[in-house]
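This report concerns only the one structure given below.
Side chains included, hydrogens not; waters and symmetry mates left out as well; all remaining heavy atoms used. First the proteins, then the strands, lettered A, B, ... as listed; each starts at 1.
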Amino acid sequence: MSNLQPVRGTHDLMFDDIRRHRLVEDTAFEIAGRYGYGEIATPVFEATEVFTRTLGDTTDIVTKEMYTFETKGGERITLRPEGTAGVARAFISEGLAQQVPLKFFYREAMFRYERPQKGRQRQFHQIGVELIGVPGPQADVEVIALGHHILTALGVAGNIKVEVNSLGDGESRTAYREALIGFLGGHLQTLSPESRERLERNPLRILDSKDPADRALVADAPRYTDYLNAASKDFFQAVQDGLTRLDVPFIVNPGLVRGLDYYSHTAFEFTTDALGAQGTVLAGGRYDGLIPSMGGPAAPGVGWAAGVERLAMLIPEPPPAVRPVAIIPVGENESAVAEKLAHDLRKQGFAVDLGYGGNMGKRLKRADKVKARVALILGADEVRDGVITLRDLDSGAQRKLPMAEVAAALKS
RNA sequence: GCGGGUGUAGCUCAGUUGGUUAGAGCAUCGGUUUGUGGUACCGAGGGUCGCGGGUUCGAGUCCCGUCACUCGCCCCA
């Protein structure tokens with residue numbers, strides 16, 4: 001077992017990496033709280049149907065990309081590949097329909113059996129919000145503005161584009177889908193082989209194909225906006241007006257689509273070109289059909305999820321670790337005094353580093369390594385006189401002061 | 001799932017047309033300095049050359065397989 005490696009697509013998070021991670025999560029949590037979103041933690045695994053019932057026949061996802069297994073008791077279980085289905089399931093199981101509107105925030109690990117790339121692991125982390133029970137466009141606006149607010153607070157919004165689109169209601173989508181299939185079906189030879197397959201399974205996805213021939217064809221295809229009915233147009237306009245009012249910069253991307261039927265109206269993505277092919281940093285939309293499709297009440301919803309790893313990569317500087325106070329005892333007897341001092345200071349809220357051995361030089365070196373801000377030197381002289389030597393490790397200045405005044409001096 | 005690139009010390013990398021005991025910087029440890037860190041100087045430790053097989057008198061170097069990472073495609077709930 002000497003060649004132990006982490007399982008493909010998984011990573012150990014520590015030091016700077018996890019500080020970046022926590023900065024993303026904590027910032028998002030704090031700001032979501034200002035908008036009234038409370039945290040929810042759903043189970044890491046769910047009954048497989050929780051995901052398959054909503055994903056339908058989009059076979060790649062179901063067959064290729066879910067971690068599904070059978071338990072000893074014969075249950076079919078899937079590690080959650082995304083957060084919304086679990087929240088929707090909780091909404092149904094906990095009978096929360098009486099309590100709408102409900103606002104949830106989550107920060108959790110997700111699992112997808114995909115080929116790892118930059119910004120794409122098999123175990124990864126998402127933050128996300130769900131706003132359930134509000135049918136009107138102000139909910140979409142709030143959720144998008146919240147996403148933008150979080151990215152701004154993280155200092156990464158400058159590199160990010162906010163793209164929005166409307167999928168309209170069910171009637172609009174059916175009409176558009178037919179028109180699109182009709183048009184593309186007349187140009188089968190021009191379509192890329194991949195898109196020819198998508199034509200039956202997931203025609204809307206052809207709109208965001210990367211193939212140049214597809215793109216040229218799509219430019220002449222019927223436009224989604226022309227097939228939105230009046231109600232859908234009004235809804236989309238209200239979303240855009242709301243975003244403008246809140247100074248959220250956005251562009252309308254008519255090629256931005258969702259493959260699944262439970263989505264309606266607003267779809268949006270926050271993208272960057274700093275991460276190669278994995279440019280989507282936050283994505284969401286309105287899912288009025290999701291909860292009903294899982295057997296729940298007719299509760300509308302809108303939300304998004306963002307990749308913590310991707311956001312963490314965009315943060316230029318990881319937040320610094322806490323700078324402790326280092327206590328440096330010089331001899332054996334002084335060590336006991338130092339342990340007591342460390343304990344007292346920690347109880348008062350200070351971060352204290354106390355090494356486990358070594359002479360003064362070694363201990364100062366260690367203090368430097370843990371980036372201590374000050375060293376409290378405790379030798380025989382100090383103990384005898386009831387004082388301590390306080391050395392500022394940045395300036396090198398040091399002075400003696402009575403033991404009783406240490407805590408006060410450290411606060412300044 | 002498909003195609004390309006890369007695997008040499010803890011990290012970043014060098015290593016000639018195949019040729020002796022595989023190198024550097026950083027990091028680590030020790031010393032100059034047993035009451036003063038960072039800087040400097042001196043020294044030391046640390047390598048199954050990703051793994052397995054093959055070609056060869058001889059492989060870090062060439063070939064095959066495999067694993068991992070990486071870039072793109074597919075997918076992106």
Assess whether one donor atom and one acceptor atom, taken from the side chain of [X] and the base of [N], lie less than 3.5 Å apart.
X      : N     : value
A:R198 : B:C75 : no
A:R363 : B:G37 : no
A:E382 : B:G35 : yes
A:D368 : B:G38 : no

Could you tell me whether [X] contacts a base, only the sugar-phosphate backbone, or nothing, with contacts defined as non-hydrogen atoms closer than 4.0 Å?
X      : result
A:Y113 : nothing
A:R366 : nothing
A:G9   : sugar-phosphate
A:D394 : base
A:A380 : base
A:G379 : base
A:A277 : sugar-phosphate
A:I328 : nothing
A:G259 : nothing
A:I61  : base

Selection from [options] that lies nearest to any side-chain heavy atom of [X]:
X      : options             : answer
A:R115 : B:G30, B:G1, B:A77  : B:G1
A:K118 : B:G37, B:U70, B:G35 : B:U70
A:D381 : B:G35, B:A77, B:U28 : B:G35
A:R201 : B:A77, B:U36, B:C75 : B:C75
A:Y263 : B:G35, B:C73, B:A77 : B:A77
A:K369 : B:C74, B:A77, B:U28 : B:U28
A:Q398 : B:U36, B:A77, B:U70 : B:U36
A:P116 : B:G1, B:A77, B:C69  : B:C69
A:K365 : B:G72, B:G37, B:C73 : B:G37
A:Q117 : B:U36, B:A77, B:C73 : B:C73

What integer distance in Å separates [X]:[atom1] from [N]:[atom2]?
X      : N     : atom1 : atom2 : result
A:I206 : B:C73 : CD1   : P     : 17 Å
A:E114 : B:C69 : CD    : C1'   : 17 Å
A:D392 : B:G38 : CG    : C1'   : 13 Å
A:R8   : B:G50 : CZ    : P     : 19 Å
A:R122 : B:C76 : CZ    : P     : 17 Å
A:D273 : B:G72 : CG    : P     : 12 Å

*asked:* Can you check the distance between B:U33 and B:G43, where both ends of the measurement are the C1' atom (answer in whole Å)?
replied: 16 Å

_Ion pair check, A:E49 and A:R76, cut-off under 4.0 Å_ =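 No, A:E49 and A:R76 are not salt-bridged.
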
*asked:* What I want to find out is whether A:D353 reaches A:R363 closely enough, with some N-O distance under 4.0 Å, to be called a salt bridge.
replied: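 A salt bridge is absent here (no side-chain N lies under 4.0 Å from a carboxylate O).
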
*Grab the two heavy atoms, one from A:A380 and one from A:E334, that are nearest each other, plus how far apart they are.*
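The answer is CA-OE2, 3.2 Å.
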
*Could you pull out all residues at least two apart from A:P222 that satisfy side chain to side chain contact (heavy atoms under 4.5 Å, CB included)?*
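If we apply the side chain to side chain contact (heavy atoms under 4.5 Å, CB included) test to A:P222, skipping adjacent residues, the hits are A:Y176, A:A179, A:F183, A:Y227.
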
*Test side chain to side chain contact (heavy atoms under 4.5 Å, CB included) applied to A:D208 - qualifying residues, sequence neighbours left out*: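 Applying side chain to side chain contact (heavy atoms under 4.5 Å, CB included) to A:D208 gives A:R205, A:V257.
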
*asked:* I need the A:N202 CG to A:S195 OG distance, nearest 0.5 Å.
replied: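 Between atom CG of A:N202 and atom OG of A:S195 there are 10.5 Å.
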
_Using ring-ring contact (aromatic ring centres under 6.0 Å, His included), reason through A:F124 and A:H11 one step at a time and then give a plain yes or no._
CA-CA 9 Å; A:F124 62 104; A:H11 285 100; over 10 Å; no

Checking base pairs now: Watson-Crick or wobble, both atom distances under 3.5 Å. What partners [N]?
N     : value
B:C73 : B:G1
B:A44 : B:U28
B:G52 : B:C64

*Examine A:R80 relative to A:F51 and say whether NZ or CZ is less than 6.0 Å from the centre of the six-membered ring and inside a 45° cone about the ring axis.*
no

